[in-house]
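A short worksheet on the structure shown next.
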Amino acid sequence: MTSVKTPADEAEARAIQDELRKSVVLDEAGPPPGRGLVAGVDVAYDDERDLVAAAAVVLDAATLEVVEEATAVGHVSFPYVPGLLAFRELPTVLAALESLTAAPGLVVCDGYGLAHPRGFGLACHLGVVTGLPSMGVAKNPFTFTYEEPGARRGDAAALVAADGAVVGRALRTQDGIKPVYVSVGHRISLDNACAHALALSPRFRIPESTRHADSLCRRALREAS
DNA sequence: GCGACAG
DNA sequence: ATCTTGTCGC
């Protein structure tokens with residue numbers, strides 16, 4: 001039974017990140033793309049009712065067919081603070097993940113991993129607390145910069161932090177469409193994470209894993225009592 | 001010091 | 001994240 005402690009304040013949240021960060025494993029290649037099971041996770045909010053709904057969807061990486069779905073609904077326990085997103089999303093996401101029967105070999109998060117102010121984004125946090133290989137695919141460049149990659153699907157460019165460190169990759173998943181921002185979470189290489197992101201996005205900008213999780217958590221939120 | 005800033 | 005229908009196009 002994994003869990004994420006809800007910090008009393010932002011200072012405590014940062015301290016937790018700095019501590020857990022030591023457990024991130026970056027020297028594993030991770031599961032090869034195109035086979036095995038991959039889970040996508042996402043959350044949706046209802047601020048009016050103070051609810052958060054999470055979804056975990058397991059896909060067959062070879063066919064991208066849905067193997068299993070799970071959802072969880074909880075109360076929002078932490079405000080949105082850039083850099084502290086994990087404390088807002090993970091408690092409910094973990095509940096959804098734990099109710100799965102299938103055991104995914106990789107979890108794809110909607111957000112960042114290593115590309116983070118303290119090098120410990122959502123995907124790293126999820127990876128460390130579950131022990132599973134994890135990666136992040138974000139829709140916006142956050143505070144990072146990059147040279148515009150080539151226009152073709154598969155073209156990529158380094159995602160760079162203010163201090164010049166390469167923290168991920170801007171990856172074009174569809175010809176002529178805005179790239180997504182891939183970063184490593186836990187127990188996977190950046191090359192492999194990008195290969196997965198590409199394999200999971202045969203038709204749309206966003207990986208199928210995230211698309212399925214997104215629609216499922218919205219539905220779960222609507223149907224929540 | 002202020003603002004910007006994954007979802 | 002969220003406010004939001006129909007509509008244009010492959």
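Every chain is numbered from 1, with letters handed out A, B, ... down the list of sequences.
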(request) Measure the distance from CZ on Arg218(A) to P on dT4(C) and round it to the nearest whole Å. (result) 14 Å
(message) The side chain of Glu89(A) is closest to which nucleotide in this list: dT2(C), dA6(B), dG7(B)?
(response) dG7(B)
(message) Using OP1 and OP2 only, check whether a side-chain N or O of Arg88(A) sits under 4.0 Å from dA6(B).
(response) no
(message) Taking 5.5 Å and 30° as the limits, would you call Tyr80(A) and the base of dA1(C) a stacked pair?
(response) no
(message) Using a heavy-atom cut-off of 4.0 Å across all strands, would you classify Ala115(A) as base, sugar-phosphate, or nothing?
(response) nothing
(message) Applying salt bridge (Lys or Arg N to Asp or Glu O under 4.0 Å) to Glu223(A) and Arg219(A), what does each step give before you reach the verdict?
(response) CA-CA 6 Å; Glu223(A) 295 169 357; Arg219(A) 194 193 323 154; 5.2 Å; no
(message) Both Arg203(A) and Leu221(A) contact DNA chain C. Which one's nearest nucleotide lies toward the 5' end?
(response) Leu221(A)
(message) How many whole angstroms separate atom CG of Asp50(A) from atom P of dA1(C)?
(response) 19 Å
(message) How many whole angstroms separate atom CG of Leu122(A) from atom P of dA1(C)?
(response) 13 Å
(message) I need the minimum non-hydrogen distance between Ser134(A) and Ala123(A), along with the two atoms involved.
(response) OG-O, 2.6 Å
(message) When you measure from the side-chain N and O atoms of Lys139(A) to the phosphate of dG7(B), is any distance below 4.0 Å, counting only OP1 and OP2?
(response) yes
(request) When you get a sec, tell me which of dC5(B), dG7(B), dT2(C) is the closest nucleotide to the side chain of Asp42(A)? (result) dG7(B)
(request) For side-chain hydrogen bond (donor to acceptor under 3.5 Å, both in side chains), just list the numbers for Arg205(A) and Gln174(A), CA-CA rounded to whole Å, side-chain angles, deciding distance to a tenth of an Å, and then say yes or no. (result) CA-CA 6 Å; Arg205(A) 173 179 181 241; Gln174(A) 294 298 318; over 6 Å; no
(request) Please report the shortest heavy-atom distance between Cys194(A) and Arg169(A), naming the atom on each side. (result) SG-CD, 3.6 Å
(message) Under 3.5 Å for both pairing distances: what stems, at least three Watson-Crick or G-U pairs long, include DNA chain B?
(response) none
(request) Could you check whether Gly83(A) gets within reach of a base, just the sugar-phosphate, or nothing at all, counting any heavy atom under 4.0 Å? (result) base
(request) Would you please test Tyr181(A) and Tyr146(A) for ring pair (Phe, Tyr, Trp, His ring centres under 6.0 Å) and show each step? (result) CA-CA 10 Å; Tyr181(A) 308 94; Tyr146(A) 60 99; 5.3 Å; yes
(request) Ignoring backbone atoms, test whether Asn140(A) places a side-chain nitrogen or oxygen under 4.0 Å from the OP1 or OP2 oxygen of dG7(B). (result) yes
